[in-house]
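First up is the structure itself, then whatever we jot down about it.
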Amino acid sequence: MRAMTTIRDVAKAAGVSVATASRALNGMTNVTRTTRERIEAAASQLDYVPHSGARSLTRQRTDTIGVVLPDLFGEFFSEMIRGIDLVVHGAGKTLLLGNMHGSAVETGQAVRAMRGRVDGLLVMPPDSSAETIPDALVRDLPMVLLSAGSAAGTIPFVTVDNYAGARLVTEHLIDCGARSIVHLAGPENNRDAGERELGFRDVLRERLGQDEPLILRGDFREGAGGEAARRLLAEGHAYDAVFAANDMMAVDLMAELREAGIEAGRDILLAGFDDIPLARYVTPQLTTVHSDIMHLGSSAARLLLRAMGGEQLQPADSLVIEPTLAVRGSTCKIGPAKED
């Protein structure tokens, strides 16, 4: 088997030092054109393939972007990773994924594990805030927050307007005739969940004069929907609609209620948040807030690439995505009926 060609072989064939060969092949400008062409010709003739680890040390870059998420399971996270990868792959870089398992304590551990292995970080803190990320770990590392915000405004972020989205869907349920709406909320210490709950509460107070709606606490995970449905059935609450703070809980709640003979879109109205692909394939299809998850991921990746390129990002560079409402069979159609 033929031995692998090294940069020393290239340098020897080109009649230059190893350092000069390395500078030329890494695109540095302090090499004359004639010398560069001679080195490139030698590398081509010898079928030289640069060693990625050695190249990273020389250039002080890894060409890798770290992504730290609260979880890697579920369509929300897979759609976000798809959006990130679309941009990162197009830029010739690779992804390194980390999972903090929804723990604020593990956030710092996950970020620490990325140090020295990545050129930049995309992080979605479990509580939707940068305050759980130790400053010392990211002081010299470009970072963008995913679906979160920075209270001090020092870290750029990309998020969706959760409050506006919750208002959209709650207004829709009321326009469909709902008057006793239950909210299946997200985790109590999560900023996204808090903004969605606030939007829901504000609309009920403004439109229906209700100050104390029924709030069931969930955790954004699938099982929380089934648990909420069982509680509604066991406690005999009077309700005509449910707004779940994400689609995974909504779909699970829909399935559990169906087992009890209660159909979404027929017996009650049901809506979610996020518009994961599954929302379009359940029966009935789920009405939900379309937050364009792939766009959220790709926008954050583009922002990070700008920071990695040396651009000093300002608070105004952060992006808040305006959501829209995807109305489907689990609620009702508003407006005049279409003619056949």
Determine whether a donor-acceptor pair (N or O, by modelled atom type, separation under 3.5 Å) exists between the side chain of [X] and the backbone of [Y].
{"X": "E79", "Y": "I293", "value": "no"}
{"X": "S298", "Y": "M294", "value": "yes"}
{"X": "S330", "Y": "L270", "value": "yes"}
{"X": "S299", "Y": "H295", "value": "yes"}
{"X": "E322", "Y": "V320", "value": "no"}

Do R167's NZ or CZ and the ring of F200 fall within the cation-pi criteria of under 6.0 Å and 45°?
no

Please determine whether a side-chain nitrogen of the Lys or Arg among [X] and [Y] lies less than 4.0 Å from a carboxylate oxygen of the Asp or Glu.
{"X": "R82", "Y": "D85", "value": "no"}
{"X": "R306", "Y": "D317", "value": "yes"}
{"X": "R207", "Y": "D175", "value": "yes"}

Check for me, please, whether [X] and [Y] land in the same ILVMFWY cluster - side-chain distances under 4.5 Å, paths through other members count.
{"X": "L72", "Y": "L296", "answer": "yes"}
{"X": "L168", "Y": "V327", "answer": "no"}
{"X": "L121", "Y": "L96", "answer": "yes"}
{"X": "V158", "Y": "Y163", "answer": "no"}
{"X": "V169", "Y": "I174", "answer": "yes"}

Just wondering, more than 12 heavy atoms not from [X] lying within 6.0 Å of its [atom1]?
{"X": "R33", "atom1": "CZ", "answer": "no"}
{"X": "E311", "atom1": "CD", "answer": "yes"}
{"X": "E259", "atom1": "CD", "answer": "no"}

Which value, rounded to the nearest 0.5 Å, describes the distance between [X] atom [atom1] and [Y] atom [atom2]?
{"X": "R38", "Y": "T20", "atom1": "CZ", "atom2": "OG1", "value": "9.5 Å"}
{"X": "T287", "Y": "D275", "atom1": "OG1", "atom2": "CG", "value": "10.0 Å"}
{"X": "L198", "Y": "R201", "atom1": "CG", "atom2": "CZ", "value": "8.5 Å"}
{"X": "D211", "Y": "L204", "atom1": "CG", "atom2": "CG", "value": "9.5 Å"}
{"X": "D161", "Y": "E195", "atom1": "CG", "atom2": "CD", "value": "7.5 Å"}
{"X": "L257", "Y": "D267", "atom1": "CG", "atom2": "CG", "value": "9.5 Å"}

With a 4.5 Å limit on heavy-atom distance, are the side chains of [X] and [Y] in contact?
{"X": "D274", "Y": "V289", "result": "no"}
{"X": "V251", "Y": "L278", "result": "yes"}
{"X": "I262", "Y": "I268", "result": "yes"}
{"X": "V68", "Y": "L122", "result": "no"}
{"X": "I65", "Y": "L304", "result": "yes"}
{"X": "I7", "Y": "S22", "result": "yes"}
{"X": "K93", "Y": "H89", "result": "no"}
{"X": "F77", "Y": "P70", "result": "yes"}

At their closest point, which heavy atom of [X] faces which heavy atom of [Y], and how far apart are they?
{"X": "A166", "Y": "R196", "answer": "CB-O, 3.1 Å"}
{"X": "A279", "Y": "R328", "answer": "CB-NH1, 3.9 Å"}
{"X": "P125", "Y": "V123", "answer": "CD-O, 3.4 Å"}
{"X": "L146", "Y": "G297", "answer": "CD2-CA, 4.4 Å"}
{"X": "I39", "Y": "A21", "answer": "CD1-CA, 3.8 Å"}
{"X": "D119", "Y": "D63", "answer": "OD2-N, 2.6 Å"}

Does either side chain, that of [X] or that of [Y], offer a donor lying less than 3.5 Å from an acceptor on the other one?
{"X": "N162", "Y": "D192", "answer": "yes"}
{"X": "T288", "Y": "D247", "answer": "yes"}
{"X": "T331", "Y": "H172", "answer": "yes"}

For D252, enumerate each residue passing the side chain to side chain contact (heavy atoms under 4.5 Å, CB included) test, keeping only those at least two apart in sequence or located in another chain.
E222

Report the C-alpha separation of V182 and L184 in whole Å, then their side-chain angles, then the decisive distance to 0.1 Å, and conclude whether the side chain to side chain contact (heavy atoms under 4.5 Å, CB included) test is met.
CA-CA 7 Å; V182 176; L184 174 51; 5.8 Å; no

Option passing side-chain contact (heavy atoms from CB on, under 4.5 Å) with R217 (candidates H183, E227, E197):
E197

Applying side chain to side chain contact (heavy atoms under 4.5 Å, CB included), run through M254 and R258 and close with a yes or a no.
CA-CA 6 Å; M254 179 191 295; R258 180 178 292 122; 3.8 Å; yes

Step-by-step side chain to side chain contact (heavy atoms under 4.5 Å, CB included) determination, H290 to D292
CA-CA 6 Å; H290 178 71; D292 205 342; 3.8 Å; yes

Mind listing the side-chain donor-acceptor pairs of residues 235-244 below 3.5 Å, one per line with the distance, residues two or more places apart or on another chain?
| unit_1 | atom_1 | unit_2 | atom_2 | d |
| --- | --- | --- | --- | --- |
| E235 | OE1 | R231 | NE | 3.2 |
| E235 | OE1 | H237 | NE2 | 2.5 |
| E235 | OE2 | R231 | NE | 3.1 |
| D240 | OD1 | R179 | N | 3.3 |
| D240 | OD1 | S180 | N | 3.0 |
| D240 | OD2 | R179 | N | 2.9 |
| D240 | OD2 | S180 | N | 3.4 |

So M248 and I276, side chain to side chain contact (heavy atoms under 4.5 Å, CB included) or not? Walk me through it.
CA-CA 8 Å; M248 288 304 299; I276 62 176; 3.6 Å; yes

